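Source: prediction; values computed, not measured.
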Amino acid sequence: MEFVRVVVLSPLGPGPTPTFDYHLPEPLEGRVEIGSLVQVPFGPRPLYGVVVERPPVPAVEETRPVTALVDPRPVFLPVQIELARWIADQTLSPLHECLLMMLPPGVVGLTDSRLELTGDLPPDVRLSPLERHLVDLLRRRGPLTGAQIDRVFPHSDWRAAADRLVRRRILTRTPVLAPPRARPLQVTTVRLLPGTDTTEALKGLRAPVYRVVLDFLRAEGGPVDVSWVYAQTGCTRQHLDQLRRRGLVAFDLEERWRDPLEGRVFLPTEPLPLTPDQQAAWEKLQQAISHRRSAIFLLYGVTGSGKTELYLRAVGEILAQGRKAIVLVPEISLTPQTVARFAARFPGRVTVLHSRMREGERYDVWRRARAGLVDVVIGPRSALFAPLDPLGLIIVDEEHDPSYKQASRPAFHAREAALELARQTGAVVILGSATPSLESYLRAQRGEFRLLVLGHRILGHRQRLADLQAIYGVPQTRYQTLADGPSEARYLDLPPVQVVDMRAELRAGNRSIFSQALQRSVDEALARGEQVILFLNRRGTATHVFCRSCGYVARCPRCDVPLTFHETGYATPLLLCHHCGHREPRAEPCPRCDSPAIRPFGLGTAGLEAAVRERWPAARVLRWDQDTARTAQAHWNILQMFSDGQADILVGTQMIAKGLDLPLVTVVGVISADTALHLPDFRAAERTFQLLEQVAGRAGRGLMGGRVVLQTYHPEHYAITAVEHHDYLGFVQRELHFRREAGYPPYVRLARLIYRHTDARRAEVMARDLGERLRDALRQAGLPTTDLIGPVPCFFARRRGTYRWQIVLRHPDPSAFLRSVPIPQGWLVDVDPVDLL
């Protein structure tokens with residue numbers, strides 16, 4: 001008899017996720033492997049589970065049989081199960097949640113229940129209207145599942161009514177499992193049957209379309225999708241059915257892959273000659289890859305220094321060995337340009353995976369990766385879990401970006417998970433950034449990572465620049481030839497940054513949001529036919545609505561934060577909460593004092609766009625933020641339009657700051673450099689420096705060089721002065737000194753514990769109770785209680801209708817310490833948080 005150890009994919013209460021032993025019935029023997037998705041009996045109900053071990057002897061005397069094998073092939077690689085265990089251990093999350101996170105939606109069916117009437121109702125039974133409707137529905141249609149009833153009563157609390165009826169024994173409830181929602185796409189095809197007398201078979205059919213269909217199928221020479229036949233011949237299904245009845249054609253079902261890159265054309269490219277910096281870095285990368293041993297590289301390269309070319313060469317080397325690669329990018333907005341570069345170098349071997357793809361596309365990309373039909377997967381966090389085997393390389397581009405950390409449970413960091421996956425698979429990891437995180441830089445200084453430096457901005461090669469000059473009619477460029485580099489390569493210095501003190505602008509009488517320096521720069525760029533980027537990391541028309549008579553501020557009733565005013569992008573102007581999505585119409589007059597002096601204040605990207613159109617009415621303006629790009633295709637469309645020169649000025653949030661190569665941009669204007677500089681978070685200065693330096697890197701990447709105008713009210717802040725001089729190392733030294741003195745990462749590790757509840761008093765009581773228990777645990781461990789900060793309300797103290805309290809713990813190993821302290825349900829544990837807001 002064969003035995004399997006299973007993790008059920010359903011919550012089982014607090015504490016570590018247990019495993020359960022089952023035996024395989026005879027029909028399943030030899031078919032179930034580690035990583036297989038199965039159905040198992042669990043108490044009175046069936047559940048989905050994953051086989052994580054094959055013990056020779058079960059841990060219990062009596063075992064129950066596995067009910068069914070859901071997928072004939074394992075849905076997890078063994079290494080993915082080990083990675084899920086590591087994530088569960090590090091984040092104090094249930095193992096089943098870590099496993100489910102790795103699967104595309106729809107692979108695992110939902111747990112449901114079936115309701116049916118127990119018998120005839122007594123004539124005098126009293127029912128509420130909703131209970132009566134539910135009983136009538138079940139009498140009329142028979143037993144129904146919860147999903148079926150949801151479709152009949154989509155906006156009612158029928159489940160509470162059902163609970164009451166079950167308690168009264170009017171209904172019975174039986175647990176059931178819904179089948180997996182994700183399925184292969186099957187299309188109907190039609191083909192011509194050979195050896196049939198066409199003339200005889202068509203007798204009596206006078207419509208010429210029959211002959212057209214047969215000629216079309218004969219020319220195609222094989223099965224054709226019926227929708228294509230309809231489009232090409234003008235026939236209908238009735239015509240095809242008539243031909244089938246006469247023995248001329250046959251229908252088949254054919255499985256088709258749903259490909260997110262279908263229809264995209266990528267022109268193949270060849271490797272570019274390397275500069276001395278690139279060559280030195282490449283030799284170290286190539287050596288590690290050729291030895292097939294795990295190694296971690298931190299590739300610190302200024303913007304435009306050629307990091308992507310090293311990524312491409314590393315992927316090429318891995319593919320030549322028959323291994324596969326994962327390329328992580330922090331934002332979906334970066335995916336189109338990254339995919340274009342890799343797909344052009346490796347045609348037919350690259351795909352993309354992210355959460356905004358259609359469910360069927362995600363399922364098929366996952367299946368193709370599992371079947372070994374793709375070699376390179378590109379995408380944000382979720383792409384790390386593509387089942388590629390054997391895995392040889394993981395690239396984490398813009399490794400410093402906070403979006404690599406998942407905000408919900410399990411709160412894992414994709415960079416750290418990538419390092420663990422590489423350790424288990426023997427893969428090479430390349431962490432790339434123009435502004436590496438302090439954690440990664442310090443680890444490189446300590447020798448944990450191997451540091452590679454690209455210090456020159458290599459933005460072009462002679463032939464490419466000549467082609468661009470011809471296309472755009474540029475007579476000369478500012479590129480220079482490297483004295484010790486290849487003759488084809490051309491380099492350009494980082495763009496000069498002009499810091500403008502907006503306090504001085506006010507004293508000079510300029511009350512515009514555009515400084516005089518920025519206005520001159522934009523005027524000159526537009527006069528020369530060049531492009532401009534204006535950056536503001538806030539969405540909306542205005543940041544808040546304020547009454548100047550009584551001080552009223554329109555606030556979200558669920559989050560207690562000011563509502564942002566959006567004048568465009570929606571059917572009507574409205575006030576919108578960027579935390580929970582609450583929306584309401586703008587109030588006029590003031591709802592508190594009835595004064596007409598209630599006005600929008602502050603500035604967002606929509607308001608900036610309006611100001612740009614007013615100041616430069618002849619310019620073509622595009623806006624790129626979450627309001628204008630809600631889908632991956634919208635991101636691609638905006639990027640393509642701007643890259644093609646269909647707009648002169650691009651207004652945007654941080655989406656425009658990362659990794660984009662826009663050769664006609666010569667001016668970048670930062671409207672407000674202080675947006676996040678003084679937030680109560682120890683990473684505020686680092687985030688500000690990284691974002692501003694990345695934005696500055698968008699300028700001067702093309703033919704004409706460029707410049708950056710940075711507007712601020714705090715020009716003396718060390719983060720601002722570091723950006724002014726592109727001085728990453730100077731900033732790092734100053735910031736690391738502050739972190740060491742204050743006892744913050746990367747010199748210590750933190751854990752952030754957040755409790756949320758709709759009742760403010762209960763949230764406070766629960767937070768204080770856990771705080772006392774953690775202090776007692778610190779005392780017992782001989783550690784200072786000052787390593788516990790809080791409990792205190794979060795900076796955003798109320799969000800989505802819940803009050804939020806937090807506790808911050810300093811500890812060399814927060815996960816191990818917190819495992820020794822029972823954490824009540826309702827707490828979110830975030831080990832190594834990326835912010836404390």
Side-chain angles (χ1 to χ4, degrees), residues 83-84 86-93 97-98 101-102 296 298 326-335 353-355 379-385 394-422 429 431-433 435-443 449 537 579 626 654-655 657-659 676 679-691 694 739 744-746 748-754 756 794-796 799 804 806-811 813-815 818 827-837:
L83 179 63
W86 180 86
I87 292 175
D89 181 70
Q90 293 296 307
T91 65
L92 280 73
S93 302
E97 289 185 4
C98 300
M101 171 184 67
M102 296 181 175
I296 304 166
L298 176 61
I326 294 172
V327 181
L328 298 184
V329 293
E331 298 275 359
I332 292 173
S333 60
L334 286 180
T335 307
L353 184 63
H354 57 74
S355 59
R381 284 192 310 265
S382 56
L384 183 65
F385 305 127
I394 305 173
I395 296 169
V396 185
D397 193 27
E398 310 289 359
E399 65 84 28
H400 65 276
D401 198 282
S403 61
Y404 281 124
K405 182 66 180 281
Q406 180 157 296
S408 58
R409 196 174 75 179
F412 78 102
H413 198 298
R415 180 186 62 214
E416 303 307 314
L419 298 180
E420 176 62 20
L421 181 59
V429 180
L431 309 175
S433 177
T435 55
S437 64
L438 267 65
E439 285 83 355
S440 294
Y441 185 81
L442 189 61
R443 290 169 80 172
F449 300 165
N537 207 24
H579 295 285
Q626 288 185 21
Q654 61 182 357
M655 293 178 180
K658 302 166 185 174
L679 289 174
D681 185 85
F682 69 92
R683 283 195 171 94
E686 181 185 8
R687 290 276 182 269
T688 298
F689 172 80
Q690 289 169 336
L691 188 56
Q694 293 283 339
R739 300 282 185 88
Y744 281 126
V748 300
R749 294 185 66 191
L750 300 180
R752 184 188 186 204
L753 297 90
I754 304 172
R756 296 168 290 194
C794 296
F795 177 73
F796 297 110
R799 182 178 287 182
R804 305 165 73 239
Q806 71 176 1
I807 300 170
V808 177
L809 169 72
R810 287 191 185 98
H811 196 276
D813 189 350
S815 300
L818 291 173
W827 284 90
L828 172 66
V829 179
D830 183 0
V831 177
D832 299 320
V834 296
D835 70 67
L836 299 179
L837 300 177

Contact check, side chains of Ser403 and Glu398, non-hydrogen atoms, under 4.5 Å
no
Arg739 side-chain N/O to Tyr744 backbone N/O, donor-acceptor pair under 3.5 Å
no
Please give me the minimum heavy-atom distance between Ala751 and Pro814, naming the atom from each residue.
CB-CB, 3.7 Å
Heavy-atom side-chain proximity of Ser440 to His400 below 4.5 angstrom:
no
Of all heavy-atom pairs between Ala417 and Leu83, which one has the smallest distance, and what is that distance?
O-CD1, 3.7 Å
Taking the side chain as everything from C-beta on, heavy atoms only, tell me whether Val429 gets closer than 4.5 Å to Phe449.
no
Of all the heavy-atom pairs spanning Gln690 and Pro436, show the shortest one and how long it is.
NE2-O, 3.8 Å
Where Leu384 and Ile326 come nearest, the two heavy atoms and their spacing:
O-CD1, 3.6 Å
Measure the spacing between CG of Leu691 and CG of Asn537 and express it to the nearest 0.5 Å.
5.5 Å
Crowding at CZ, Arg687 (>12 non-hydrogen neighbours, <6.0 Å)
yes
Can you check whether Leu438's main-chain N or O pairs, donor with acceptor, with Glu686's side chain at less than 3.5 Å?
yes
Taking C-beta and beyond as the side chain, do Asp830 and Lys405 meet within less than 4.5 Å on heavy atoms?
yes
What I'd like to find out is whether the side chain of Pro746 reaches to under 4.5 Å of the side chain of Tyr441, using heavy atoms alone.
no
Compare every heavy atom of Leu753 with every heavy atom of Trp827, then report the nearest pair and how far apart it is.
CZ3-O, 3.5 Å
Just do the side-chain hydrogen bond (donor to acceptor under 3.5 Å, both in side chains) check on Gln90 and Glu416 with the steps written out, would you?
CA-CA 10 Å; Gln90 293 296 307; Glu416 303 307 314; over 6 Å; no
CG/Leu431 to CG/Leu298 distance, rounded to the nearest 0.5 angstrom?
6.0 Å
Keeping the roles fixed (side chain from Glu399, backbone from Ser437), state whether a donor-acceptor pair exists under 3.5 Å.
yes
Any Arg810 side-chain heavy atom under 4.5 Å of Leu750 side chain
yes
Just to verify, which of Leu92, Asp89, Thr91 counts as forming a side-chain contact (heavy atoms from CB on, under 4.5 Å) with Ser815?
Leu92
Please determine whether side-chain contact (heavy atoms from CB on, under 4.5 Å) holds for the pair His811 and Leu818, giving the CA-CA distance in whole Å, both sets of side-chain angles, and the decisive distance to 0.1 Å.
CA-CA 10 Å; His811 196 276; Leu818 291 173; over 6 Å; no
Please report the C-alpha distance between Cys794 and Arg799 in whole Å, then the side-chain angles of each, then the deciding distance to 0.1 Å, and finally whether the side-chain contact (heavy atoms from CB on, under 4.5 Å) criterion is met.
CA-CA 10 Å; Cys794 296; Arg799 182 178 287 182; over 6 Å; no
Please walk me through it: do Leu419 and Ile296 pass side-chain contact (heavy atoms from CB on, under 4.5 Å)?
CA-CA 8 Å; Leu419 298 180; Ile296 304 166; 3.8 Å; yes
For the residue pair Arg804 and Phe795, would you count it as a cation-pi contact if the rule is NZ or CZ under 6.0 angstrom from the ring centre and within 45 degrees of the ring axis?
no
Side chain to side chain, Arg683 and Pro402, heavy atoms closer than 4.5 Å:
no
State, to 0.1 Å, how close Ile87 and Met101 come at their nearest heavy-atom pair, and which atoms those are.
CD1-CE, 4.1 Å
With a 4.5 Å limit on heavy-atom distance, are the side chains of Arg752 and Asp835 in contact?
yes
Plane angle bin for Tyr404 and His413 - parallel if under 30°, tilted between 30 and 60°, otherwise perpendicular
tilted
